[in-house]
Amino acid sequence: MNKVYIDKLSGHVNKEVQINGWLYNSRSSGKIAFLMVRDGSGIIQGVVSKSDVSEEVFTSIGDLTQESSLSIIGKIVEDSRSESGYEMHVSDIIIHQIADEYPISLKEHGTSFLMDNRHLWVRSKKQNAILRIRHTIIKACRDFLDNNDFILVDTPIFTPTSCEGTSNLFETDYFGRVAYLAQSGQLYSEATAVSLGRVYCFGPTFRAEKSKTRRHLTEFWMVEPEVAYADLNDNMELAERFVAYIVERVLEIRKEELKIIDRDTSKLENVVPPFPRISYTDAVEKLNSSGHKFEWGDDFGGEDETVLAELFDKPVLVHRYPAAIKAFYMKRDENDEKLALGVDMLAPEGYGEIIGGGQREDDYDTILKRLKEHKLSEKDFKWYLDLRRYGSVPHSGFGMGIERAVAWICGLKHIRETIPFPRTTHRLEP
RNA sequence: UCCUCGGUAGCUCAAUUGGCAGAGCGAGUGGCUGUUAACCACUAGGUUGGGGGUUCAAGUCCCUCCCGAGGAGCCA
């Protein structure tokens, strides 16, 4: 028997095939039964008429529970009465396992309950669609960078020191020494960028901050390109081409999935370069003149970011932040030493910062001074300082949080639905 | 860590001033040949998050602990 996936059914109309899947829902009316079967690629309605199957098979339908694993065999036909336009006239059913009473019904559930059952929740239509879009976003990140001659260089997860010396990191015992789970691969990418010119790392990142908001996870994935001989402007140009490409790919490949999750795509279609660019100082002015009080020198909070982003209809690049609120490795603006050549990209619709990056300090004496100002150990950063001793060049890069990008592109209220098994302050299971 | 809100059947929720613990869905049984979260009838299902207190009487009021959600700070 020809085994097919549901998303490939159009090539099998009027043919006898086998579909392997799970029972999504069923309805029966005495002498006819409708089995909604999902196989991961889609959902098909199997129509079982009592007169078309053996009595044994028809009786067995009564035993089927939601999420029971089964194969249905029969002829694929076009029928407008089926939601997908296709249905199967079932001639035989193979039952693999009768599922226990399934906790997730097709009715409403609370998030807490769904999160406790995340291992099952991923089977549902919307979660399935989100995971497909996430896949496409990740693939688009890789495709864009690969097609632009970036080399993927993985960076370590165990690190001896914190990258920026600011965030709380997860500590772990490393054969009697303390090691930290990486909060960024950037410092290492700065080393490999000098080897390979254009590089990126793509991996999990860990932050031990007890953040309790819809934008935070303790474990998340980040893609971080780093380019030698690139200044802040090159960096901003790269960031906007990168994000525009990702959105374009999702709109192209995941139309169906965006429909399933009710995403208004008109706002995504707008995401085409060039993106607006605005300095931190101008942004502060705009906030104040729009009636939102903000003091120069403070970092933007979630609310400030939302107000700012709402002034534009596409992602906005905010650059040249006060150096005092940025990491030690940021290069200062030669026109104003108070400013750092950093850039953040704020997504529209209140999704906040999806990209953070900038030009790195490349002068040995200056970065040594910054290390001391931030009370970081020169010894710990010896290898990093070496990069400024042997062939130092202007270089820049940024990091994009995958889950924040997924939340924005999918229009999700909460970041926890963007990753298969979210890790938050209060959740380590499942 | 701080602020706010919440925890009642497997799930989603109701329960008037402190006065008999309820519904829908799911589950079980029966019915129905075109259903679209199918429908109709019946049945089972409860230590109201834990502990303590006030009261003739507590899901409801008080204390305390636990768990969760939203927000702040921090950040992608």
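Chain identifiers are assigned alphabetically (A, B, ...) following the order of the sequence lines, protein sequences preceding nucleic acid strands; residue numbering begins at 1 within each chain.
- Between the NE2 atom of A:His216 and the P atom of B:A69 there is a distance of 15 Å, rounded to whole Å.
- Side-chain contact check for A:Glu237 and A:Asn235: no donor-acceptor pair (N or O, by modelled atom type) lies under 3.5 Å.
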| Taking it one step at a time, do A:Arg118 and A:Phe421 satisfy side-chain contact (heavy atoms from CB on, under 4.5 Å)? | CA-CA 7 Å; A:Arg118 183 61 175 170; A:Phe421 297 97; 3.9 Å; yes
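- Here the side chains of A:Trp408 and A:Leu268 are in contact, with some heavy-atom distance below 4.5 Å.
- With centroids closer than 5.5 Å and planes inclined by less than 30 degrees as the test, A:Phe34 and the base of B:G34 fail to qualify as a stacked pair.
- Toward the 5′ end of RNA chain B lies the nearest nucleotide of A:Asp79, the other residue of the pair A:Met222 and A:Asp79 mapping further downstream.
- Between the side chain of A:Thr366 and the backbone N or O of A:Asp362, no donor-acceptor pair lies under 3.5 Å.
- Partners of A:Tyr174 according to the ring-ring contact (aromatic ring centres under 6.0 Å, His included) rule, which considers only residues two or more places apart in sequence or in another chain, are A:Phe158.
- Residues A:His89 and A:Gln66 both approach RNA chain B. Their nearest nucleotides, taken by heavy-atom distance, put A:Gln66 toward the 5′ side.
- A heavy atom lying under 4.0 Å from RNA chain B marks none of the residues of residues 49-61 of chain A.
- Here the C1' atom of nucleotide B:C74 and the CG atom of A:Asp298 are 14 Å apart, to the nearest Å.
- For the P atom pair drawn from B:C5 and B:U29, the interatomic distance equals 46 Å after rounding to whole Å.
- Side chain of A:Asn288 to backbone of A:Val284: a donor-acceptor contact under 3.5 angstrom is found.
- Between A:Asp146 and A:Arg142 there is no salt bridge, since none of the side-chain N atoms of the basic residue sits less than 4.0 Å from a carboxylate O of the acidic one.
- Around CD of A:Glu56, the count of heavy atoms belonging to other residues, nucleotides or ligands within 6.0 Å does not exceed 12.
- For the pair A:Glu305 CD and B:C74 C1', the computed distance is 12 Å after rounding to whole Å.
- Comparing the same atom, P, in B:G45 and in B:A23 gives a spacing of 13 Å after rounding to whole Å.
- Considering only the side chain of A:Arg416, B:A69 comes nearest among B:C75, B:A69, B:G34.
- At a threshold of 4.0 angstrom between heavy atoms, the contacts of A:Glu403 with the nucleic acid are absent.
- Among the protein residues, A:Leu217 comes within range of the nucleic acid bases, having at least one heavy atom under 4.0 Å from a base atom.
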| So what's the dot-bracket for RNA chain B: Watson-Crick or G-U pairs under 3.5 Å, [ ] if a pair crosses, | if it pairs off-strand? | (((((((..((((.....[..)))).(((((.......))))).....(((((..]....))))))))))))....
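- Within the 4.0 angstrom heavy-atom criterion, no nucleotide atom of any strand lies near A:Thr205.
- Checking B:C25, B:A76, B:U35 against every side-chain atom of A:Arg81, the shortest atom distance belongs to B:U35.
- Within residues 109-117 of chain A, the residues having any heavy atom closer than 4.0 Å to RNA chain B are, in order of number, A:His109, A:Gly110, A:Ser112, A:Phe113.
- The separation of B:C20 from B:U60, taken at their P atoms, amounts to 14 Å, rounded to a whole angstrom.
- The gap from the C1' atom of B:G24 to that of B:C56 amounts to 36 Å, rounded to the nearest Å.
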I'd like a table of donor-acceptor pairs (distance under 3.5 Å, sequence neighbours excluded) in which one partner is a side-chain atom from residues 36-49 of chain A, with atom names and distances.
residue	atom	partner	partner atom	Å
A:Arg38	NE	A:Glu67	OE2	3.1
A:Arg38	NH2	A:Glu67	OE1	2.8
A:Asp39	OD1	A:Ser41	N	2.8
A:Asp39	OD1	A:Ser41	OG	2.8
A:Asp39	OD1	A:Gly42	N	3.2
A:Asp39	OD2	A:Ile6	N	2.9
A:Asp39	OD2	A:Ser41	OG	3.4
A:Ser41	OG	A:Ile6	N	3.1
A:Ser41	OG	A:Asp7	N	3.0
A:Ser41	OG	A:Asp7	OD1	3.3
A:Gln45	NE2	A:Glu87	OE1	3.2

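- Across the protein-nucleic acid pair, A:Glu224 atom CD and B:C75 atom P stand 15 Å apart, rounded to whole Å.
- Residue A:Thr213 has its side chain nearest to B:G73 when only B:U35, B:G73, B:C75 are considered.
- If you take atom P in B:G30 and the same atom in B:U35, they sit 24 Å apart, rounded to whole Å.
- Going from the P atom of B:A72 to that of B:G53 covers 41 Å, rounded to whole Å.
- For B:C75, the base has a donor-acceptor partner in the side chain of A:Arg404 [N/O atoms by modelled type, under 3.5 angstrom].
- Candidate nucleotides B:G34, B:A76, B:G70 were compared by shortest atom distance to the side chain of A:Arg214, and B:G70 ranks first.
- Salt bridge annotation for A:Asp336-A:Arg320: absent, with no cationic side-chain nitrogen under 4.0 angstrom from a carboxylate oxygen.
- To the nearest whole angstrom, the two C1' atoms, one in B:C62 and one in B:G18, are 13 Å apart.
- Rounded to an integer number of Å, the gap from OH of A:Tyr351 to C1' of B:C75 is 18 Å.
- Between the side chain of A:Ser279 and the main chain of A:Asp282, a donor-acceptor pair closer than 3.5 Å is present.
- In this model, a side-chain donor or acceptor of A:Glu87 finds a partner on the base of B:G34 within 3.5 Å.
- Salt bridge A:Arg215/A:Glu403: absent, no basic N to carboxylate O contact under 4.0 Å.
- More than 12 heavy atoms of other residues, nucleotides or ligands shown are found within 6.0 angstrom of CD on A:Glu269.
- Straight-line distance from the CD atom of A:Glu209 to the C1' atom of B:C74: 4 Å, rounded to whole Å.
- Per the geometry, CD1 belonging to A:Ile98 stands 13 Å off P belonging to B:A27, to the nearest Å.
- Going from atom CZ of A:Phe206 over to atom P of B:C74 covers 23 Å, rounded to whole Å.
- Backbone-only engagement by A:Asp299 is indicated by non-hydrogen atom pairs under 4.0 Å involving sugar-phosphate atoms exclusively.
- Listed candidates were B:C74, B:U33, B:A76. Nearest to the side chain of A:Arg215 is B:C74.
- Taking atom P in both B:A15 and B:G7, the straight-line distance is 11 Å, to the nearest Å.
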Atom pairs and distances, side-chain donor-acceptor, residues 413-420 of chain A, under 3.5 Å, sequence neighbours left out:
residue	atom	partner	partner atom	Å
A:His414	ND1	A:Arg416	N	3.0
A:Glu417	OE1	A:Gln127	NE2	2.9
A:Thr418	OG1	A:Ile415	O	2.6

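- Contact annotation: A:His414 reaches the phosphate of B:G70 (side-chain N/O to OP1 or OP2, under 4.0 Å).
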